[in-house]
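A short worksheet on the structure shown next.
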Amino acid sequence: MERTFVMLKPDAVQRGLIGEIISRFEKKGLKIIAMKMLKIERELAEKHYFEHRGKVFFDNLINYITSAPVVAMVLEGKNAVKVVRSIVGATNPSEALPGTIRGDYGMDIGRNVIHASDSKESAEREISIFFKPNELCEFKRIDENWVYE
Ligand code: IDP
Ligand code: MG
């Protein structure tokens, strides 16, 4: 089983999309093993997005992500990183396919609703930034034998 980090960005929270987005992951069969709402401090935002430092959109990205609360979570499942990225859709909502979260709920690349880790390594790094090890819950969902062969 693999873990990935997902964050519902301030626009998702402000637009009342938390429930709809989380339910997509739950229905898919992904297991939520940690979740919290928080207002991200600048320092944490810059750490999370360090790979984008120096890019033209960096300041706007940090302002956006710190502008209102977010919902951070850890999802677990087979190939979770890849599966979640495909549910999330392309970075630019105007190019994201209908049926993906960004394709269904977004219009602008600077307001693209959700973050998801892009690799196993990023997932581990991002999970450790937002959660302490003891905040990750190990449990078996009762439908696991029906979700996996
Ligand atoms: P990702 O979120 O799909 O992994 P990244 O390229 O890692 O996309 O970019 C991180 C975030 O930075 C995006 O989700 C988006 O919020 C923002 N971003 C990326 N490119 C642009 C841009 O060209 N203009 C404005 N914001 C951008
Ligand atoms: Mg990225």
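In each ligand, atom 1 is the first atom listed, and ligand 1 is the first ligand listed.
Near Thr91, the atoms of ligand 1 lying under 4.0 angstrom from a non-hydrogen atom of the residue are 1 (P), 3 (O), 8 (O), 13 (C).
Distances shorter than 4.0 angstrom occur between a heavy atom of Lys9 and an atom of ligand 1. Heavy atoms of Arg102 approach ligand 1 to within less than 4.0 angstrom. At least one heavy atom of Arg85 sits under 4.0 Å from some atom of ligand 1. Note on ligand 1: Asp118 sits outside its first shell, no heavy atom being nearer than 4.0 Å.
Evaluation of the side-chain contact (heavy atoms from CB on, under 4.5 Å) rule for Glu20 yields Tyr105 as partners, not counting sequence neighbours. In terms of the side-chain contact (heavy atoms from CB on, under 4.5 Å) criterion, residue partners of Lys132 (sequence neighbours excluded) are, by chain and number, Asn134, Glu135.
On a distance-only criterion, His115 and ligand 1 share no N/O pair closer than 3.5 Å. Between Tyr49 and ligand 1, not a single N/O pair is under 3.5 Å apart.
Nearest protein heavy-atom contact of atom 6 (O) of ligand 1 is His52 CE1, 3.7 Å.
Of the listed options Val88, Asn112, Ile114, Asn112 places a heavy atom closest to atom 13 (C) of ligand 1.
Between Phe5 and Phe130, the ring planes are parallel. Angles under 30° get that label, and only those over 60° would be called perpendicular.
By the 6.0 Å and 45° rule, Lys78 does not stack over the aromatic ring of Tyr148.
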